[in-house]
Asker: 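My questions will all concern the structure given below.
Atom set for the values below is all heavy atoms of this structure, side chains included, hydrogens, waters and symmetry mates excluded. These figures come from a predicted structure and were not determined experimentally. Per chain, numbering begins at 1; letters A, B, ... match sequence-line order.
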Amino acid sequence: MKPRVRFAPSPTGPLHIGGARTALFNWLFARHHGGTFVLRIEDTDLERSTKEFEQSILDGMTWMGLTWDDELVYQTQRMPLYKDHVQKLLDEGKAYRCSCTPEELETKRKAALAAGQKPKYDGKCRKNPPPASTPAAIRFKAPEMGTTTFHDICRGTISFENSELDDLIIARSDGTPTYNFTVVVDDVTMKMTHIIRGDDHLNNTPRQVLLYQAFNYPIPEFAHLPMIYGPDRKKLSKRHGATSVFEYKDMGFLPSAMMNYLARLGWSSGDQEIFTIEELIEKFDLNQVGSTPAIFDLEKLRWVNSQHLAKYSVADLVNLTRPFLQQLGVALTDQTYAERAIASERERGKTLKELAEASAFYFRDEIVFDPTAAEKWLNPEGKKILTTLRDRLGTLNDWNVDVIKAIFDALGKDMGLKMVNLAQPVRVAMTGTTVSPGIYEVLAILGKERTLKRIARALA
RNA sequence: GUCCCCAUCGUCUAGUGGCCAAGGACACUACCCUUUCACGGUAGGAACACGGGUUCGAAUCCCGUUGGGGACGCCA
């Protein structure tokens with residue numbers, strides 16, 4: 001049987017790293033087995049759900065390359081289905097009306113917590129049902145005794161004492177259904193075979209299993225993925241910095257690298273670190289997913305990104321880098337020039353943004369001098385070197401690495417200088433900084449005209 | 001507090017009872033390459049949380065302890 005899996009985000013925020021990882025594992029599982037991956041928008045929280053967030057999540061999925069099958073499913077469009085299911089439980093005496101107010105419940109919850117107890121609904125309305133005229137939420141009548149056990153692909157058998165659970169609300173007093181209820185109704189009616197989701201849902205699972213049983217529905221396979229933590233070992237959140245996938249896009253990470261890195265958080269295939277998307281699909285399966293939480297490591301992501309970057313042709317790299325250069329106020333006009341420039345810098349940036357920043361000097365009419373670098377190298381000694389160099393370079397007809405190197409070699413000998421003392425003032429004059437590709441290469445790419453212009457400006 | 005989950009280098013992980021005096025990768029350090037910075041190369045430090053079992057044999061199985069996390073909503 002081909003698996004059917006889903007990713008079920010609620011549109012109350014942009015797609016974040018944790019969600020992207022969950023979506024990725026579902027997607028890889030479906031693609032590996034030739035199954036179906038569907039997207040369900042859990043928008044029953046009318047207060048916080050927005051169309052903007054929904055679009056943002058969809059855009060994030062698209063950017064990551066996580067293509068979904070079938071039509072999008074919206075929970076808000078399935079209200080009749082939930083109503084029927086609620087009614088069914090009510091008719092069968094498996095649910096009851098509850099008129100306890102949220103304030104009342106909150107007070108009891110706080111009291112229980114203060115007394116060191118697990119907050120649980122006390123069953124007031126289960127014993128004394130409110131009159132039909134009063135407004136009420138609907139609660140599921142959960143068994144008070146016994147044990148609920150289910151199987152998890154990542155963790156094996158997990159069981160909870162039913163006495164730990166309470167009668168959860170399945171419909172609010174305004175009639176809208178709640179999460180633990182819709183999830184069960186949807187997963188069953190959408191014929192999901194595997195529920196792959198974050199570890200934080202593990203505690204919800206026994207409640208959901210009880211609902212499956214109440215409806216006499218078959219129970220799917222569960223796989224609770226270990227969570228992703230920040231460096232402080234707490235659930236990844238805003239205070240850990242960038243959490244939205246778009247922030248990573250803006251930092252210059254490639255979707256394939258994000259996929260690769262995220263896949264390796266909790267999953268592995270021998271000693272392999274770098275995977276193409278095709279390899280990921282081919283090799284991924286849930287039985288190689290571990291159960292230990294992982295800490296998000298930006299440095300490793302950068303390295304993975306650099307490995308993916310290395311696979312691109314120079315022409316592709318130019319296109320990839322263009323938007324980041326634009327953001328720096330730099331426009332690429334000459335394709336050949338751009339390719340030579342980017343090619344010279346490609347080993348020097350682990351992200352597209354870093355690559356753009358390192359390459360920007362090639363394209364600026366007036367480079368920006370780093371004060372420390374200028375002070376150190378554009379001193380009288382440096383200027384003397386630049387003056388002499390300008391004169392000698394000016395006589396050249398050919399302009400390539402070989403002839404430029406010859407000029408530097410001769411100049412070094414004539415002035416009795418080590419190459420580093422010769423190269424650095426020129427480097428600062430050309431790039432504004434002390435860091436760049438080989439100086440002959442930089443000059444060769446810049447061309448005679450730009451080179452002489454920049455020397456003149458450094459001398460000014 | 002209660003319940004549930006987790007526990008191999010700083011980090012991601014390999015390991016499914018003997019092939020492990022624990023392997024790879026990121027990061028770090030040193031050296032090489034070298035006109036700077038990278039890239040690349042070589043070398044190095046660095047882990048089975050602790051205590052009991054089971055077994056001829058345990059990183060691997062069981063129990064406990066400790067530590068960490070998650071959940072305890074008319075949020076999802």
Side-chain angles (χ1 to χ4, degrees), chain A residues 8-13 42-45 47-49 75 98 100-102 105-106 109 112-120 136-139 152 154-155 158-161 163-166 168-180 182-183 198-206 224 226-227 229 231 233-235 261 264-274 287-288 290-304 306 310 345-350 358 373 377 405 408 412 418-424 426-428 431 433-440 442:
Chain A
S10 68
T12 52
E42 306 217 325
D43 53 357
T44 53
D45 183 347
E47 301 277 307
R48 297 191 297 150
S49 299
Q75 289 193 320
C98 172
C100 296
T101 63
L105 296 169
E106 185 57 27
R109 186 161 27 243
L113 233 27
Q117 304 280 302
K118 184 168 190 163
K120 271 177 58 181
I138 313 293
R139 281 185 189 271
D152 186 281
C154 300
R155 288 152 216 280
I158 295 167
S159 54
F160 287 77
E161 290 302 318
S163 58
E164 290 296 329
L165 278 19
D166 64 358
L168 76 155
I169 289 175
I170 56 176
R172 304 179 182 95
S173 17
D174 67 1
T176 57
T178 58
Y179 170 73
N180 279 109
T182 56
V183 117
D199 201 357
D200 47 343
H201 286 287
L202 205 53
N203 289 284
N204 288 322
T205 310
H224 287 94
M227 319 230 333
Y229 292 163
R233 298 193 168 275
K234 296 248 190 328
K235 199 173 169 178
Y261 176 72
R264 283 285 290 100
L265 251 33
W267 172 85
S268 63
S269 177
D271 283 341
Q272 189 170 349
E273 294 287 351
I274 302 302
N287 52 26
Q288 298 143 30
S291 48
T292 323
I295 293 170
F296 190 84
D297 181 5
L298 191 63
E299 285 310 309
K300 180 126 182 210
L301 206 210
R302 290 179 67 244
W303 176 76
V304 171
S306 74
E345 287 283 1
R346 64 179 304 163
E347 300 296 341
R348 262 157 280 255
K350 287 186 174 165
W377 295 104
K405 180 179 189 306
F408 272 74
K418 286 209 292 196
M419 194 51 74
V420 64
N421 294 313
L422 211 54
Q424 288 304 72
V426 186
R427 185 166 275 120
V428 175
T431 71
T433 74
T434 55
V435 172
S436 85
I439 194 63
Y440 316 137
V442 170

Asker: Determine the interatomic distance between C1' on B:rA27 and the same-named atom on B:rU13; round to the nearest Å.
Answerer: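 One C1' to the other, the span is 14 Å.
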Asker: May I ask you to verify whether the side chain of A:Arg348 and the base of B:rC37 hold a donor-acceptor pair under 3.5 Å?
Answerer: yes
Asker: Which part of the nucleic acid does A:Pro293 contact within heavy-atom distance under 4.0 Å: base, sugar-phosphate only, or nothing?
Answerer: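 Sugar-phosphate: the residue A:Pro293, judged by heavy atoms under 4.0 Å, touches backbone atoms but no base.
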Asker: For nucleotides 39-45 of chain B, tabulate all protein N/O to nucleotide N/O atom pairs closer than 3.5 Å, reporting atom names and distance.
Answerer:
| unit_1 | atom_1 | unit_2 | atom_2 | d |
| --- | --- | --- | --- | --- |
| B:rC39 | O2' | A:Glu347 | OE1 | 3.3 |

Asker: Any side-chain N or O of A:Lys235 less than 4.0 Å from the OP1 or OP2 oxygen of B:rA71?
Answerer: yes
Asker: Determine the Euclidean distance between corresponding C1' atoms of B:rU36 and B:rC28; express it in Å to zero decimal places.
Answerer: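 Rounded to whole Å, the distance is 22 Å.
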Asker: Give a yes or no on this: more than 12 heavy atoms of other residues, nucleotides or ligands lie within 6.0 Å of atom NZ of A:Lys405.
Answerer: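 For A:Lys405, atom NZ is not crowded (no more than 12 foreign heavy atoms under 6.0 Å).
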Asker: Given B:rC74, B:rU36, B:rA76, identify the nucleotide with an atom nearest to the side chain of A:Val420.
Answerer: B:rU36
Asker: Which nucleotide sits closest to the side chain of A:Arg264: B:rC74, B:rA76, B:rC12?
Answerer: B:rC12
Asker: Are A:Arg155 and A:Asp199 within salt-bridge range, i.e. N to O under 4.0 Å?
Answerer: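 Answer for the salt bridge query: yes.
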Asker: State the pairing partner of B:rG44; accept Watson-Crick or G-U wobble contacts with both distances under 3.5 Å, and report none otherwise.
Answerer: B:rC28
Asker: Provide the distance between the two C1' atoms, one in B:rG18 and one in B:rC33, to the nearest whole Å.
Answerer: 44 Å
Asker: Which atom names give the shortest non-hydrogen contact between A:Ala294 and A:Leu265, and what distance separates them?
Answerer: CB-CG, 3.8 Å
Asker: Quantified in whole Å, what is the P atom distance between nucleotide B:rA38 and nucleotide B:rA47?
Answerer: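 Nearest-Å result for B:rA38 against B:rA47 at atom P: 28 Å.
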Asker: Grab the two heavy atoms, one from A:Glu42 and one from A:Ser10, that are nearest each other, plus how far apart they are.
Answerer: O-CB, 3.2 Å
Asker: Mind listing the closest non-hydrogen atom pair of A:Tyr179 and A:Asn204 along with its distance?
Answerer: CE2-ND2, 3.9 Å
Asker: Which whole number of Å gives the distance between the P atom of B:rU65 and that of B:rC19?
Answerer: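 These two P atoms come out 32 Å apart once rounded.
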Asker: When you measure from the side chain of A:Tyr229, which nucleotide among B:rA76, B:rU35, B:rG69 comes out closest?
Answerer: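 My answer, after comparing the listed nucleotides, is B:rG69.
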Asker: So which heavy atom on A:Cys154 is nearest to which on A:Ser291, and how close?
Answerer: O-CB, 4.0 Å
Asker: Under 4.0 Å between a side-chain N/O of A:Thr44 and OP1 or OP2 of B:rC75, yes or no?
Answerer: no
Asker: Can you measure A:Arg109 atom CZ to B:rC72 atom C1' for me and round it to whole angstrom units?
Answerer: 9 Å
Asker: Within this structure, what is the CG-to-P distance between A:Asn203 and B:rG69, rounded to whole angstrom?
Answerer: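 To the nearest whole Å, that distance equals 15 Å.
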Asker: Touch check for A:His201, heavy atoms < 4.0 angstrom, all strands: base, sugar-phosphate only, or nothing?
Answerer: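 Touches a base.
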Asker: So, is A:Lys118 close to the B:rC3 phosphate, meaning a side-chain N or O under 4.0 Å from OP1 or OP2?
Answerer: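 Answer no for this pair, as no side-chain N or O of A:Lys118 is under 4.0 Å from OP1 or OP2.
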Asker: Provide the distance between the two C1' atoms, one in B:rG52 and one in B:rA58, to the nearest whole Å.
Answerer: 14 Å
Asker: How close do A:Gln75 and A:Thr44 get, heavy atom to heavy atom, and via which atoms?
Answerer: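 Shortest heavy-atom contact: OE1-CG2, 3.5 Å.
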Asker: Below the 4.0 Å mark, does B:rU11 have OP1 or OP2 next to a side-chain nitrogen or oxygen of A:Arg233?
Answerer: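 Answer is yes, contact under 4.0 Å.
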Asker: Quick one: look up who B:rC37 pairs with, Watson-Crick or G-U, both distances under 3.5 Å, and put none if it's unpaired.
Answerer: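 Its partner is none (no Watson-Crick or G-U wobble pair with both distances under 3.5 Å).
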Asker: Give the nucleotide from the list B:rC5, B:rA76, B:rC74 with an atom nearest to the side chain of A:Arg155.
Answerer: B:rC5
Asker: Where the side chain of A:Tyr179 is defined as all heavy atoms beyond and including C-beta, which of B:rC74, B:rA76, B:rG70 is the nearest nucleotide?
Answerer: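 Of the candidates, B:rA76 comes closest.
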Asker: Without hydrogens or angle criteria, can the side chains of A:Thr176 and A:Arg172 be said to hold a donor-acceptor pair below 3.5 Å?
Answerer: yes
Asker: Looking at B:rC74, I'd like to know if its phosphate oxygens (OP1 or OP2) sit under 4.0 Å from a side-chain N or O belonging to A:Ser173.
Answerer: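 Result: no.
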Asker: For residues A:Val304 and A:Tyr261, report the shortest heavy-atom separation together with the two atoms involved.
Answerer: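 Reported closest heavy-atom pair: CG1-N, 4.3 Å.
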Asker: Kindly say if A:Ser436 contacts the phosphate of B:rC37, meaning a side-chain N or O under 4.0 Å from OP1 or OP2.
Answerer: no
Asker: Could you please name the partner base of B:rA7, counting Watson-Crick and G-U wobble pairs only when both distances are under 3.5 Å?
Answerer: B:rU66
Asker: Check whether any side-chain nitrogen or oxygen of A:Arg172 sits under 4.0 Å from OP1 or OP2 of B:rA76, and answer yes or no.
Answerer: yes
Asker: Which part of the nucleic acid, if any, lies within reach of A:Ile169 when heavy atoms closer than 4.0 Å are counted: base, sugar-phosphate only, or nothing?
Answerer: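 Answer is base: heavy atoms of A:Ile169 come under 4.0 Å of a base.
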Asker: Name the closest nucleotide to the A:Asp297 side chain, picking from B:rU2, B:rC5, B:rC26.
Answerer: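 Nearest listed nucleotide: B:rC26.
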Asker: Considering only atom P, compute the distance from B:rC50 to B:rA22 and round it to an integer number of Å.
Answerer: 15 Å
Asker: Determine which nucleotide pairs with B:rU60, using a 3.5 Å limit on both distances of a Watson-Crick or G-U wobble pair.
Answerer: none
Asker: In whole angstrom, what separates A:Leu265's CG from B:rA14's P?
Answerer: 12 Å
Asker: More 5' along RNA chain B: A:Gln75 or A:Glu161, using each one's nearest nucleotide?
Answerer: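 Between the two, 5'-proximity favours A:Glu161.
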Asker: Across all strands shown, which nucleotide pairs with B:rA14 by Watson-Crick or G-U wobble geometry, both distances under 3.5 Å?
Answerer: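 Checking every strand shown, B:rA14 finds no partner, since no pair has both distances under 3.5 Å.
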Asker: Nearest whole Å is fine: how far is B:rU35 C1' from A:Lys405 NZ?
Answerer: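 Answer to the nearest Å: 10 Å.
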Asker: Scan A:Lys234 against the nucleic acid and name what it touches under 4.0 Å (heavy atoms): base, sugar-phosphate only, or nothing.
Answerer: sugar-phosphate
Asker: Reading RNA chain B from 5' onward, which residue's closest nucleotide shows up sooner: A:Asp271 or A:Tyr261?
Answerer: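 The 5'-side residue here is A:Tyr261.
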Asker: Could you tell me whether A:Pro437 contacts a base, only the sugar-phosphate backbone, or nothing, with contacts defined as non-hydrogen atoms closer than 4.0 Å?
Answerer: base
Asker: For B:rU2, which nucleotide is its Watson-Crick or G-U wobble mate, given both distances must be under 3.5 Å?
Answerer: B:rA71
Asker: From the list B:rC5, B:rU36, B:rA76, which nucleotide is the closest neighbour of the side chain of A:Ile158?
Answerer: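 Given the options B:rC5, B:rU36, B:rA76, the side chain of A:Ile158 is closest to B:rC5.
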Asker: Are any side-chain N or O atoms of A:Asp152 and backbone N or O atoms of A:His224, one a donor and one an acceptor, separated by less than 3.5 Å?
Answerer: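 Here the side-chain-to-backbone pair exists.
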Asker: Any idea which of B:rC5, B:rA25, B:rA71 is nearest the A:Lys300 side chain?
Answerer: B:rA25
Asker: Choose from B:rU8, B:rA76, B:rU35 the nucleotide whose nearest atom is closest to any side-chain atom of A:Thr292.
Answerer: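 Of the options given, the side chain of A:Thr292 lies nearest B:rU8.
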Asker: Starting from C1' on B:rG23, measure out to CD on A:Gln272 and report it in whole angstrom.
Answerer: 16 Å
Asker: Just to be sure I understand the rule, does A:Thr434 reach a base, reach only the sugar-phosphate, or reach nothing, if contact means heavy atoms closer than 4.0 Å?
Answerer: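 Base: the residue A:Thr434, judged by heavy atoms under 4.0 Å, touches a nucleobase.
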Asker: Quick one: A:Met227 CE to B:rC12 P, roughly how many Å, whole number?
Answerer: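 Nearest whole value for this atom pair: 14 Å.
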Asker: Can you tell me the distance, in whole Å, between the CG atom of A:Asp152 and the C1' atom of B:rG70?
Answerer: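 Interatomic distance, CG of A:Asp152 to C1' of B:rG70: 14 Å.
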Asker: Distance check needed: B:rG73 P versus A:Ile170 CD1, whole Å only.
Answerer: 17 Å
Asker: Keeping A:Ser268 on the side-chain end and A:Arg264 on the backbone end, is there a donor-acceptor pair under 3.5 Å?
Answerer: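 No.
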Asker: Taking atom CG of A:Leu168 and atom OG1 of A:Thr178, what is their separation to the nearest 0.5 Å?
Answerer: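 Answer for the CG-OG1 pair, A:Leu168 versus A:Thr178, is 6.0 Å.
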Asker: Is a donor-acceptor pair below 3.5 Å formed from side chain A:Arg427 to base B:rU35, judging by atom type as modelled?
Answerer: yes
Asker: Using atom C1' in both nucleotides, what's the gap between B:rA76 and B:rG70 to the nearest angstrom?
Answerer: 15 Å
